[in-house]
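The next block holds one structure in the form of structure tokens; read it before the comments.
Atoms within each ligand, like the ligands themselves, are counted from 1 in listed order.
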Amino acid sequence: MNDQDPPGKAADVRPGRLTGNEIAANFADMHPPLTPSEAVIDADRCYFCYDAPCTTACPTGIDIPGFIQKIRSGNLQGSALTILSENIMGGMCARVCPTEVLCEQACVRNTHEDRPVRIGLLQRYATDAVFKSGKQLFTRAAETGREIAVIGGGPAGLSCAHRLAMLGHHAIVFEPRDKLGGLNEYGIAAYKTVDEFAASEVEYILGIGGIEVRAGTALGQNITLQELREQYDAVFLGFGLGGVNGLGLEHEQLEGVANAVDYIAELRQSADRSRLPVGRRVVVIGGGMTAIDIAVQSKALGAEQVTMVYRRGQEQMSASRYEQEFAQTRGVSLRYWAKPRRFLVDGARVRGVEFETTQSGAGTWTLDADVVFKAIGQKATWERLAGTGELLELREGRIAVDAERRTSLGGVWAGGDCVYGGEDLTVSAVQDGKLAAISIDRFLRAGA
Ligand SMILES: Cc1cc2nc3c(=O)[nH]c(=O)nc-3n(C[C@H](O)[C@H](O)[C@H](O)COP(=O)(O)OP(=O)(O)OC[C@H]3O[C@@H](n4cnc5c(N)ncnc54)[C@H](O)[C@@H]3O)c2cc1C
Ligand code: SF4
């Protein structure tokens, strides 16, 4: 097979494909908030089911009929307290949870009217009111004098730190990046969380007190797990997944091939999106949320042709049917049952991909591309964690934990994307952090 394919047109990757106003419109709030009358009408649609299936479907077990009832009676603060007591990131989860496969899928209104109560938007309605008022709803229990190291300031770490602070402990959050929030700040699609919401939520969480942040510090670089175990009463690991899976194809490192998560992080931190370079023809390889997000956001920045290619079928995609349809309505083409066979190369850069069908009667076909995004999953970067992986029991490259989020190593808990068996969702990371904090508290009190 030739390394160099016949030259195509020069790659067309440049900023400013759309005007600033057009880009701003494309990145506007995906689900604008409910007005007060809309919220009351939707709250009235709830049956307040006794065995609320919506609550069972919520990974953090929020009392959904309970908070909806409080919206109905105009008690927004009480409603927010019901939500945030179970899920301190209830504001972010109201924006980013795939409710269509969680609480809203379980809502009994679906069977009666084919339309669930809009739980996500109601949750946002209640929590936004409290964030706007700046009212701190949580206080700390009496100081215990115990210090717990929390590794990572993402949803798992912050949820753990907040619950520990509520229980009277002192949480020290180690975070290498400048900003806290993890993928809420650097990963979630920009149109799901507008107006710096991730940062204001972090501020609210820290507002309880008792949480110390050590920015610019990383496990593996500044401190080891053994040192943490010696210096603190307990350790929580919530460092997420820092690496991305590769395709294992030749020329993957050439210009023209990029990691979707890196580009999304740049996009999220960009003060002026019209300055971001965008390809005219973009190919996205993958079938999850990250793939959907990079495809939709490339289109929103002005890419003319965006094609997402997934190796299996529509049903197997980890992105929900709703998300797939959302991408299609935003102009993204979806192609199933194909995987990349080789990159087409022109000089020192990639200019397209040859795919092979993964179903019987295999054939090949090609797509020209100015940029190819890899979005085929993330993995832990054990090589950067100074022997942490060797101390812990791992399963499929992630940390094995029990129901209380205890690892195999005494005094060490873990949660979020870095643990095995999770959902890789913000809401699951928050639940992991909360359960770990409750377990740590029980452990410390038992040994006190
Ligand atoms: C592009 C993208 C879009 C997504 N969209 C959605 C969505 O719409 N809805 C949804 O529910 N979920 C979504 N997710 C998944 C969700 O963001 C994650 O499941 C969630 O953020 C996991 O939280 P975490 O705390 O485990 O990890 P992270 O959010 O990754 O946070 C880990 C933190 O640990 C820090 N860290 C890393 N290494 C170290 C170290 N060595 N020492 C100390 N700290 C360290 C990191 O800097 C980071 O702050 C998306 C994910 C991606 C990648
Ligand atoms: S399932 Fe639907 S109707 Fe029943 S309590 Fe939950 S939101 Fe209300």
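Counting the atoms of ligand 1 from 1 in the order shown, those under 4.0 Å from a heavy atom of A429 are 22 (C), 23 (O). The contact set between ligand 2 and C49, taken as ligand atoms under 4.0 Å from a residue heavy atom, comprises 1 (S), 3 (S), 4 (Fe), 5 (S). For ligand 1, the atoms sitting less than 4.0 Å from at least one non-hydrogen atom of G416 are 26 (O), numbered in the order shown with element in parentheses. Which parts of ligand 1 touch D424 is read off a 4.0 Å heavy-atom cut-off, strictly below it: atoms 15 (C), 19 (O). Short contacts between ligand 2 and V108, defined as distances under 4.0 Å to a heavy atom of the residue, involve ligand atoms 1 (S), 2 (Fe), 3 (S), 4 (Fe). The atoms of ligand 1 that sit less than 4.0 Å from any heavy atom of A156 are 25 (O), 26 (O). If you number the atoms of ligand 1 from 1 as listed, the ones under 4.0 Å from a heavy atom of G154 come out as 25 (O), 31 (O), 33 (C), 49 (O). For ligand 1, the atoms lying closer than 4.0 Å to a non-hydrogen atom of K192 are 7 (C), 8 (O).
Distance check: I148 CD1 to L228 CG gives 12.5 Å after rounding to the nearest 0.5 Å.
Of the listed residues (G66, A43, C107), the one carrying the non-hydrogen atom nearest atom 1 (S) of ligand 2 is C107. Nearest to atom 1 (C) of ligand 1 by heavy-atom distance, out of A414, G187, G433, is G187. Between atom 7 (C) of ligand 1 and the options E423, M289, R177, the minimum heavy-atom separation is to M289. Checking L183, L219, T99, D178 against atom 29 (O) of ligand 1, the nearest heavy atom belongs to L183. Nearest residue to atom 22 (C) of ligand 1 from I151, L385, D417 is D417 (criterion: closest heavy atom). With distances taken over non-hydrogen atoms, the option nearest atom 32 (C) of ligand 1 out of G182, P98, G238, A189 is G238. Of all the listed residues (V427, D293, V173), D293 holds the heavy atom that lies closest to atom 3 (C) of ligand 1.
Checked by distance only, ligand 1 and E175 come closer than 3.5 Å through their nitrogen or oxygen atoms. Looking at ligand 1, you'll find an N or O of V96 within less than 3.5 Å of one of its N or O atoms. The shortest N or O to N or O distance between C97 and ligand 1 is not below 3.5 Å. Between P176 and ligand 1, no N or O atom pair is found at a separation short of 3.5 Å. The distance criterion of under 3.5 Å between nitrogen or oxygen atoms is met by T426 with respect to ligand 1.
By the 4.0 Å N-to-carboxylate-O rule, E304 lies too far from K299 to be salt-bridged with it. The pair R442-E404 counts as a salt bridge, with a side-chain nitrogen and a carboxylate oxygen less than 4.0 angstrom apart. D417 has no carboxylate O lying under 4.0 Å from a charged side-chain N of K379, or vice versa, which leaves the two without a salt bridge. Between R95 and D128 there is a salt bridge, with a side-chain nitrogen of the basic residue lying less than 4.0 Å from a carboxylate oxygen of the acidic one. Taking 4.0 Å as the cut-off between side-chain N and carboxylate O, R17 and E22 do not count as a salt-bridged pair. The pair R398-E396 does not count as a salt bridge, with every side-chain nitrogen at least 4.0 angstrom from each carboxylate oxygen. The existence of a salt bridge linking R321 and E315 is confirmed by a sub-4.0 Å separation between a basic side-chain nitrogen and an acidic carboxylate oxygen.
Using a 4.0 Å cut-off between heavy atoms, R384 makes no contact with ligand 1 at all. With a 4.0 Å cut-off on non-hydrogen atoms, F174 touches ligand 1 through its backbone and not its side chain. If you look at I119 next to ligand 2, the close heavy atoms, those under 4.0 Å, all belong to the side chain. Here I264 has side-chain heavy atoms under 4.0 Å from ligand 1, and that is the only part of it that gets that close. Residue contacts with ligand 1, taken as heavy atom pairs separated by less than 4.0 Å, involve V261 solely via side-chain atoms from C-beta onward. At a heavy-atom distance under 4.0 Å, no atom of L180 approaches ligand 1.
At the shortest separation from atom 37 (C) of ligand 1 among protein heavy atoms lies F239 O, 3.3 Å. Shortest contact from atom 27 (O) of ligand 1 to any protein heavy atom: G240 CA, 3.6 Å. The protein non-hydrogen atom at the shortest distance from atom 34 (O) of ligand 1 is G152 CA, 3.3 Å. From the protein, the heavy atom lying nearest to atom 52 (C) of ligand 1 is T290 OG1, 3.7 Å. For atom 3 (S) of ligand 2, the closest non-hydrogen atom on the protein side is Y47 N, 3.3 Å.
For the pair S274 and P15, the tightest heavy-atom approach, listed with the atom from each and the gap, is O-CB, 3.4 Å. Nearest heavy atom pair, residue K179 against residue Q269, reads NZ-OE1, 2.7 Å.
Among the backbone and side-chain atoms of C54, an N, O or S atom lies under 2.8 Å from atom 6 (Fe) of ligand 2.
Annotation: cation-pi geometry satisfied between R177 and Y186 (NZ/CZ under 6.0 angstrom from ring centroid, within 45° of ring axis). Both cation-pi conditions hold for R330 and Y191: the charged atom is under 6.0 angstrom from the six-membered ring centre and inside a 45 degree cone around its axis. The side-chain tip of R109 points at the ring of Y47 from less than 6.0 angstrom away and within 45° of straight on.
The aromatic rings of Y263 and F373 sit tilted relative to each other, their planes meeting at an angle between 30° and 60°.
Residues F131 and F197 bring their aromatic ring centres within 6.0 Å. Outside the 6.0 Å centre-distance limit, the rings of Y232 and W413 are not counted as a close aromatic pair.
In this structure, G220 does not count as a contact residue of ligand 1, since none of its heavy atoms falls inside 4.0 Å of the ligand. For the ligand labelled ligand 1, residue Q378 lies inside the 4.0 Å heavy-atom shell. By the 4.0 Å heavy-atom criterion, P155 is counted among the residues contacting ligand 1.
Here the side chain of Q316 pairs a donor or acceptor atom with the backbone of G313 at under 3.5 angstrom.
The number of heavy atoms from other shown groups lying within 6.0 Å of CD (E196) does not exceed 12.
Two residues are said to be in side-chain contact when any heavy atoms from C-beta on lie closer than 4.5 Å; L122 and F67 meet this criterion.
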